[in-house]
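Below is one structure; the comments refer to it alone.
If you're wondering where the values come from, they're calculated on a predicted model, not measured in any experiment. Both counts, for ligands and for their atoms, begin at 1 and track the order of listing. We count residues from 1, following the sequence as given.
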Amino acid sequence: MTQTRIGLIGLGAYVPERIMTNDEWAQLIDTSDEWITTRTGIKRRRLAADNENTADLATFAAERALADAGLIPDQIDEIIVASDTPEVYTPDTASFVQHRLGASEIPTYDLAGSGCAGFVLGLDIARSRVGVGDRRVLVIGVELLTRLMSWRDRNTCVLFGDAAGAAVVGAGAGAAEIVAATAGTDGSRGHILTAEVGGTRAPFNVERARQLLHQWIVMKGREVFKEATTRMSAAAKEVLTQAGLDVDDVALVIPHQANLRIIQATGKALGVPAEKVYVNVQEYGNTGSASVPLALWEARQQGRIAVGDLVLLTSFGAGFHWAAMLLRF
Ligand code: COA
């Protein structure tokens, strides 16, 4: 059996309308536009409306990806949702998306808690699913991080935003081919970036509710910073090695958009000039698993990706997890 290219056959993204600026944060907590801009590069982020939840954002992005692929929901064979901010605790967000889209009674599942690396990891899983059964798999990265973080903790709250991005993975001559992919986990360092309350270790109770601990991302910023840079550049180099290609062959690098300094350090470690590294963190902040598909979608919308271009995705998040992928458009 000869298989045509397996890759991305449709892309979509959705960001909520409401924009929150750094100056607005400065009115709520002890921070400033200057501090946030210098340390992170972030200027603005989006906030989901009160009547918008995870499955809403996911569905909007998915509908755009399906339209881009020229497909109707019935033509999807599987759905994977990567999110750390699910619609409800159980069932998974993917079930809600299956229903909302009006897809067939297909298998759907979440990659929950996979952090900001979840979407790229989901693409790699989707590739293997397409390989065994000629399926079309919808992969969504979605996050409403502004609902999980503490609005009183200046160490974290200014960093995050809400968004969703989606891709359809399938086989076809026009697909943005998945040339190589890698992923990994170091579970020994989970405590460095975690949301602990609500699971079996620290069940939600009245005392924790009083302290608003159900909305509290714990993060050792400097350690995350170092690890993110090291892991994202190493994973990116690994996919290039797998493909027998050099970084000079790559037209555009799309790293997880956590922080401008992490993005710049990753580009430097890879040896790529700044103009080949896509940056939109100033607009959206860190949108977790939505950040890579949102950036990929936006880069293509802006004409930054041409047919034949090699695009290198690299991501890192809680776990720690990391995942990188090389695409040929
Ligand atoms: N406004 C003003 N001051 C703030 C602040 C804010 N929003 N957040 C923290 N500070 C203060 C700290 O309290 C600290 O004050 P102190 O020295 O009096 O204790 C000071 O700024 C310096 O903090 P530090 O942690 O040394 O800053 P930093 O240069 O490491 O930058 C981060 C902090 C969070 C921006 C940076 O570590 C980072 O980006 N880490 C990675 C975060 C990330 O991307 N996480 C998700 C990965 S997927």
Applying salt bridge (charged side-chain N to carboxylate O under 4.0 Å, His left out) to D77 and R129, what does each step give before you reach the verdict?
CA-CA 10 Å; D77 301 297; R129 301 292 289 159; over 6 Å; no

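- Within the structure, side chain to side chain donor-acceptor pair (under 3.5 Å) contacts touching residues 156-182 (residues at least two apart or in different chains) are T146-D162, D153-T156, T182-E238.
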Quiz: residues 245-254 side-chain donor-acceptor pairs under 3.5 angstrom, not counting sequence neighbours:
residue, atom, partner, partner atom, Å
D246, OD2, D248, N, 3.0
D249, OD2, D246, N, 2.8

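- Put simply, the side chain of L193 does not reach to within 4.5 Å of the side chain of K220, judged on heavy atoms.
- Summarising the local packing, CD of Q302 is surrounded by more than 12 heavy atoms from other residues, nucleotides or ligands at distances under 6.0 Å.
- The stretch residues 282-311 participates, sequence neighbours left out, in these salt bridge (Lys or Arg N to Asp or Glu O under 4.0 Å) pairs: R44-E283, D68-R300.
- Every protein residue with a heavy atom nearer than 4.0 Å to ligand 1 is included here: D30, T31, W35, R39, T40, C116, R154, N155, V158, M219, G221, R222, V224, F225, H256, A258, N259, R261, I262, N286, F316.
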